[in-house]
Participant: 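The following block contains the structure, expressed as structure tokens.
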Amino acid sequence: MILIIVVFALSIFAVLSIKASNSDLVLAKKTRDSVQEYYKADTEAENILMQLDQALKQYETNASDEALKVKLQKLLNDNGTVEAKTDKSGTVNYAVPINGKSKLEVTIDYDLGNLLGKRFNIKKWKVN
């Protein structure tokens, strides 16, 4: 009789252990997928930032406010906005979708008149 109870108890523990392992596996897969989605969006945001930096570098010496604004807006493809403060400085906002629920929002301030050689400053790089 005791042997039957012991076997039954061990069987229940085995089933519970397998169920807990399966739950951990499902959670690990969800975490993996969300991390992959984030880094894909992060890479895209970095590529956009690189293109913006190249455009800023091109207009650094002969900056025309309207031409620069048009070039930056074209690079963003309706995923962001450009707000020019002066003919050599302004703010660029853009967002890269991560999944259907969230996006990576980026804000940079650019200043082509900066004497330190730094064309832009990242103000925000945040998942929302």
Side-chain angles (χ1 to χ4, degrees):
M1 182 70 156
I2 293 178
L3 183 61
I4 294 173
I5 293 173
V6 169
V7 170
F8 183 70
L10 289 176
S11 298
I12 289 177
F13 287 135
V15 169
L16 291 175
S17 176
I18 290 171
K19 190 165 176 90
S21 296
N22 188 41
S23 295
D24 289 345
L25 179 62
V26 169
L27 181 61
K29 286 180 180 179
K30 284 183 181 179
T31 302
R32 177 201 62 200
D33 292 345
S34 66
V35 167
Q36 286 176 339
E37 289 170 347
Y38 170 79
Y39 280 110
K40 183 179 176 185
D42 184 68
T43 300
E44 188 176 337
E46 286 282 354
N47 287 335
I48 292 171
L49 184 61
M50 179 184 66
Q51 292 172 359
L52 292 171
D53 185 42
Q54 290 171 348
L56 292 171
K57 185 176 183 180
Q58 178 183 355
Y59 285 92
E60 191 168 32
T61 53
N62 55 353
S64 161
D65 181 35
E66 196 55 38
L68 177 60
K69 186 175 179 181
V70 168
K71 174 79 172 178
L72 295 178
Q73 191 64 55
K74 184 178 177 186
L75 287 173
L76 295 175
N77 280 339
D78 300 326
N79 291 329
T81 60
V82 179
E83 300 168 17
K85 296 175 185 169
T86 68
D87 59 341
K88 292 192 174 202
S89 66
T91 301
V92 176
N93 299 296
Y94 63 95
V96 177
I98 295 175
N99 52 35
K101 300 174 187 169
S102 59
K103 58 188 172 185
L104 179 60
E105 295 179 343
V106 179
T107 300
I108 66 165
D109 287 341
Y110 65 90
D111 185 0
L112 300 181
N114 188 344
L115 298 176
L116 299 175
K118 191 174 178 184
R119 287 184 283 278
F120 65 87
N121 188 23
I122 298 173
K123 292 294 186 182
K124 179 169 79 169
W125 196 279
K126 180 181 175 185
V127 174
N128 190 4

Participant: Anything under 3.5 Å between a donor and an acceptor, one on a side chain of residues 24-38, the other on a protein residue two or more places apart or in another chain? List them.
Facilitator:
residue	atom	partner	partner atom	Å
T31	OG1	L27	O	3.0
S34	OG	K30	O	3.4
S34	OG	T31	O	3.0
E37	OE1	N99	ND2	3.3

Participant: How far does OG1 of T91 sit from CG of D109, to the nearest 0.5 angstrom?
Facilitator: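 Rounded to the nearest 0.5 Å, the OG1-CG separation comes to 4.0 Å.
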Participant: Closest heavy-atom contact between Y94 and V92?
Facilitator: CD2-CG1, 4.1 Å
Participant: Quick one: pull up CD1 in I98 and CG in L104 and give me the separation to the nearest 0.5 Å.
Facilitator: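 Output value for this atom pair is 5.0 Å.
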Participant: Not counting sequence neighbours, which residues clear side chain to side chain donor-acceptor pair (under 3.5 Å) with K124? List them please.
Facilitator: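 Per chain and number, K124 pairs via side chain to side chain donor-acceptor pair (under 3.5 Å) with E105.
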Participant: Run L49 and I122 through side-chain contact (heavy atoms from CB on, under 4.5 Å) and show every step you take.
Facilitator: CA-CA 10 Å; L49 184 61; I122 298 173; 3.8 Å; yes
Participant: Write down the atom of K103, the atom of A95, and the distance for their closest heavy-atom approach.
Facilitator: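 For K103 and A95, the tightest heavy-atom pair comes out as CD-CB, 3.9 Å.
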Participant: Would you say that Y110 contacts N121 through its side chain, given a criterion of any heavy-atom pair below 4.5 Å between the two side chains?
Facilitator: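 No. Closest side-chain heavy atoms not under 4.5 Å.
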Participant: For V6, which fellow cluster members are found when Ile, Leu, Val, Met, Phe, Trp and Tyr are connected by side-chain heavy-atom distances below 4.5 angstrom, either directly or through intermediates?
Facilitator: I2, L10
Participant: Output the rest of the hydrophobic cluster of I12: all Ile, Leu, Val, Met, Phe, Trp and Tyr residues reachable through side-chain heavy-atom contacts under 4.5 Å, sorted by chain and number.
Facilitator: F8, L16
Participant: Less than 4.5 Å apart, side chain to side chain, heavy atoms only: is that true for V106 and V96?
Facilitator: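 A side-chain contact is absent here, since even the closest heavy-atom pair is not under 4.5 Å.
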Participant: With side chain to side chain donor-acceptor pair (under 3.5 Å) as the rule and sequence neighbours excluded, what pairs involving residues 45-55 come up?
Facilitator: D53-R119
Participant: Just jot down the side chain to side chain donor-acceptor pair (under 3.5 Å) partners of D42, sequence neighbours excluded, or say none.
Facilitator: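 Expected list: W125.
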Participant: Got a sec, which hydrophobics cluster with I5, joining ILVMFWY side chains under 4.5 Å apart, including via others?
Facilitator: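 Besides I5, the hydrophobic cluster comprises nothing; the residue is isolated.
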Participant: If every non-hydrogen atom of A41 is compared with every non-hydrogen atom of P97, which pair is closest and at what distance?
Facilitator: CB-O, 3.8 Å
Participant: Can you list everything that forms a salt bridge (charged side-chain N to carboxylate O under 4.0 Å, His left out) with K126? Sequence neighbours excluded, please.
Facilitator: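 For K126 there are no salt bridge (charged side-chain N to carboxylate O under 4.0 Å, His left out) partners, ignoring immediate neighbours.
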